[in-house]
Amino acid sequence: MSLVVYLAAGVSALACAVLLRNRPHTAAPSPLTVSTCAAITLGAVVFVCSAPLTLSAVNDLTGIPNFGAPLTYGMLSAYSCSLLILLIHWRGGSPERIRSLVLRAVAAYGALILAIVVLFTLADAHVERLRDLDTYYANTPYMREMIVLYLLGHSAAMLAMCVVCVKWGREVTGLLRTGLWLILAGALLDVGGFQLTKYTAVVARWSGHDLDALSTTVAPPMASLGALVFSAGFVLPRLLPAAQVHWHSLDDHRRLAPLWAGVRFASTAPKPPSTWWQLPQARLRWREVSIHDALLALAPYFDDRVREQALDAALRAGHAPHGARVAAEAAMVADAARRAAGREQPQATPSTYRLYATEVSGTGGLVELAQALTRSTHAGAVREGTVNVTPG
């Protein structure tokens with residue numbers, strides 16, 4: 001069981017790292033991001049504390065049997081409080097109202113944690129139980145109240161989370177809605193798979209029955225699964241758009257390869273650092289800057305006559321005006337690169353023409369130029385007989 005909860009803790013910590021990493025480096029974390037990360041982090045700490053290996057180590061370190069129980073229940077209550085604080089920041093409002101509600105939540109769960117500690121101190125719990133403490137001490141004075149209190153405190157927070165997710169899930173769309181439904185699914189797994197089984201096992205002990213397996217076998221993996229789904233709901237709306245950006249960047253980087261191969265000899269931009277560890281977006285930015293630098297170096301070789309002839313040919317072939325312009329620019333760039341590579345003299349009168357790729361922002365203009373260059377190169381190869389074309 002320790003492995004399962006440690007895995008859940010690790011994934012939760014990874015989710016927190018993703019949320020903090022996926023923001024502008026110069027921007028301070030927003031209160032919503034901080035509260036989200038605090039909730040996920042506390043959830044991870046709860047899993048670490050609840051593992052039997054951790055409980056045994058804590059008990060041995062303190063010399064107090066079952067000292068890990070109030071520690072774990074106190075951390076779970078702090079986690080429940082962090083969920084309520086997260087809901088408060090989600091709802092928004094004036095800073096004064098948010099501060100007031102946060103202080104109330106902290107006061108309520110602070111009192112709950114204090115009560116857990118006091119009840120454990122008053123209880124007679126000298127027999128160490130690493131896996132079945134809730135059911136073993138279900139009828140023990142003060143321990144019984146402590147167990148019920150921590151379960152009620154956690155249930156209140158998770159049920160509030162479920163209500164909010166159901167309400168907001170109907171009002172939003174897209175990834176945010178998907179994230180809310182995942183959070184709801186994780187919360188329901190916690191409520192049904194962890195809390196309900198714990199309540200059932202404890203109440204069974206009160207009535208003289210033994211359903212301890214629900215608490216010791218069913219509850220821990222269901223809580224871990226709920227936490228994983230829960231964390232995915234927070235991370236998905238932040239992570240998926242960034243993943244899509246990097247995917248598109250990787251595609252654009254690949255599509256710019258023909259243009260880069262033709263003009264890279266003219267680029268004087270500093271070489272990028274090793275790219276094996278760089279994200280696709282950073283690699284694309286380096287290639288984009290380097291291509292622009294190469295085009296600037298080739299500008300003295302631009303021949304307007306080549307461009308105009310290619311433009312007329314493209315228009316006569318039925319190309320749209322924009323497509324004909326880009327095709328003509330590709331022909332001019334290819335001609336300039338050929339003459340620059342051959343160390344020919346640049347134009348006596350430099351061209352003042354501006355490429356479409358340098359007029360627009362983003363990578364789209366360069367990608368169009370690269371595609372037009374690829375088509376013109378392929379067409380030239382066919383005319384020269386260097387490419388075999390099989391009739392369809």
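Residue numbers run from 1 in the order of the sequence given. What you are looking at is a predicted structure, and each value in this text was computed from that prediction instead of being measured. In what follows, every heavy atom counts, from backbone to side chain, and hydrogens, waters and symmetry copies are set aside.
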Please report the C-alpha distance between L369 and I291 in whole Å, then the side-chain angles of each, then the deciding distance to 0.1 Å, and finally whether the side-chain contact (heavy atoms from CB on, under 4.5 Å) criterion is met.
CA-CA 11 Å; L369 182 61; I291 290 176; over 6 Å; no
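- A distance-only check finds no donor-acceptor pair linking the side chain of T41 to the backbone of A38 [under 3.5 Å].
- A cation-pi arrangement, defined by a distance under 6.0 Å to the six-membered ring centre and an angle within 45 degrees of its axis, is present between R307 and Y353.
- Contact record, P141 with A123: O-CB, 3.7 Å, taken as the closest heavy-atom pair.
- V106 and M158 end up in different hydrophobic clusters when Ile, Leu, Val, Met, Phe, Trp and Tyr side chains are linked at under 4.5 Å.
- Annotation: side chain of R104 is in contact with side chain of L101 (closest heavy-atom distance under 4.5 Å).
- Counting all heavy atoms, side chain and backbone alike, T197 lies closest to A219 at OG1-CB, 3.4 Å.
- Here the closest heavy-atom approach between residue H154 and residue D190 is recorded as NE2-OD1, 2.9 Å.
- Separation of atoms CD1 (I147) and CD (E145) is listed at 9.0 Å; rounding is to 0.5 Å.
- F265 is listed as a side-chain neighbour of L298, based on a closest heavy-atom distance under 4.5 Å.
- Within the structure, the salt bridge (charged side-chain N to carboxylate O under 4.0 Å, His left out) test picks out the following pairs touching residues 252-261 (sequence neighbours left out): D251-R254, D251-R255, D252-R255.
- Atom OG of S155 is separated from atom CD of Q195 by 3.5 Å, given to the nearest 0.5 angstrom.
- Contact of the L196 side chain with the V191 side chain is not registered, since no non-hydrogen atoms from C-beta on lie closer than 4.5 Å.
- Within the 3.5 Å criterion, the main-chain N or O of P65 finds no donor-acceptor partner in the side chain of N59.
- Here the side chain of S50 pairs a donor or acceptor atom with the backbone of F47 at under 3.5 angstrom.
- The shortest side-chain heavy-atom distance between Y199 and L152 falls under the 4.5 Å cut-off.
- With hydrogens and angles ignored, the 3.5 Å screen pairs a side-chain donor or acceptor of W206 with a backbone N or O of A138.
- Of all heavy-atom pairs spanning A370 and L259, the tightest one is CB-CB, 3.6 Å.
- No single ILVMFWY cluster, assembled from side-chain heavy atoms under 4.5 Å apart, contains both W181 and L176.
- Residues L315 and P321 share a closest heavy-atom pair of CD2-CA, 4.2 Å.
- Remark: the backbone N or O of V48 is paired with a side-chain donor or acceptor of T54 at under 3.5 angstrom.
- Counting only distance, with no hydrogens or angles, the side chain of D132 and the backbone of S215 share no donor-acceptor pair below 3.5 Å.
- The structure places CE of M143 at 11.0 Å from CD1 of I116, a figure rounded to the nearest 0.5 Å.
- Checked by atom type and distance alone, the side chain of S267 never pairs as donor or acceptor with a backbone atom of D293 at under 3.5 Å.
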Take R287 and T363 through the test side-chain contact (heavy atoms from CB on, under 4.5 Å) and record every step on the way to the result.
CA-CA 10 Å; R287 175 159 289 185; T363 315; over 6 Å; no
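- By the 4.5 Å heavy-atom criterion applied to side chains, L86 and M161 are counted as neighbours.
- Using a 4.5 Å heavy-atom threshold, the side chains of S35 and W90 count as separate.
- The pair R205-D212 meets the salt-bridge criterion, since a charged nitrogen lies less than 4.0 angstrom from a carboxylate oxygen.
- When every heavy atom of L211 is checked against every heavy atom of A201, the shortest pair comes out as O-CB, 3.5 Å.
- Side-chain atoms of I183 and V164, non-hydrogen and from C-beta on, never get closer than 4.5 Å to each other.
- Between the side chain of S249 and the backbone N or O of V245, at least one donor-acceptor pair lies under 3.5 Å.
- Note on V229: it clusters hydrophobically with L175, by side-chain heavy-atom contacts below 4.5 Å among ILVMFWY residues.
- For the atom pair I85 CD1 and L103 CG, the distance stands at 9.0 Å (nearest 0.5 Å).
- L130 contributes atom CG, which lies 7.5 Å from atom CG of N66 (distance to the nearest 0.5 angstrom).
- Using a 4.5 Å cut-off on side-chain heavy atoms (C-beta onward), F120 and I64 make contact.
- The same ILVMFWY cluster, assembled from side-chain heavy atoms under 4.5 Å apart, contains both V203 and L133.
- Remark: the backbone N or O of G365 is not paired with any side-chain donor or acceptor of E368 at under 3.5 angstrom.
- If you chain together hydrophobic residues whose side chains sit under 4.5 Å apart, W247 and L284 never meet in one group.
- Going from atom CG of L83 over to atom CZ of F230 covers 5.0 Å, rounded to the nearest 0.5 Å.
- Using bins of under 30°, 30° to 60° and over 60° for the plane-to-plane angle, the ring pair Y73/Y150 lands in the parallel bin.
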Let me have the donor-acceptor pairs involving side chains of residues 331-347, under 3.5 Å, with sequence neighbours excluded, atom names and distances please.
{"unit_1": "D335", "atom_1": "OD1", "unit_2": "R338", "atom_2": "NH2", "d": "2.9"}
{"unit_1": "D335", "atom_1": "OD2", "unit_2": "R339", "atom_2": "NE", "d": "3.1"}
{"unit_1": "R339", "atom_1": "NH2", "unit_2": "Y301", "atom_2": "O", "d": "2.2"}
{"unit_1": "R339", "atom_1": "NH2", "unit_2": "Q347", "atom_2": "OE1", "d": "3.4"}

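- Each of R144, R129, M146 was scored for a side-chain contact (heavy atoms from CB on, under 4.5 Å) with Y137, with one residue passing: R129.
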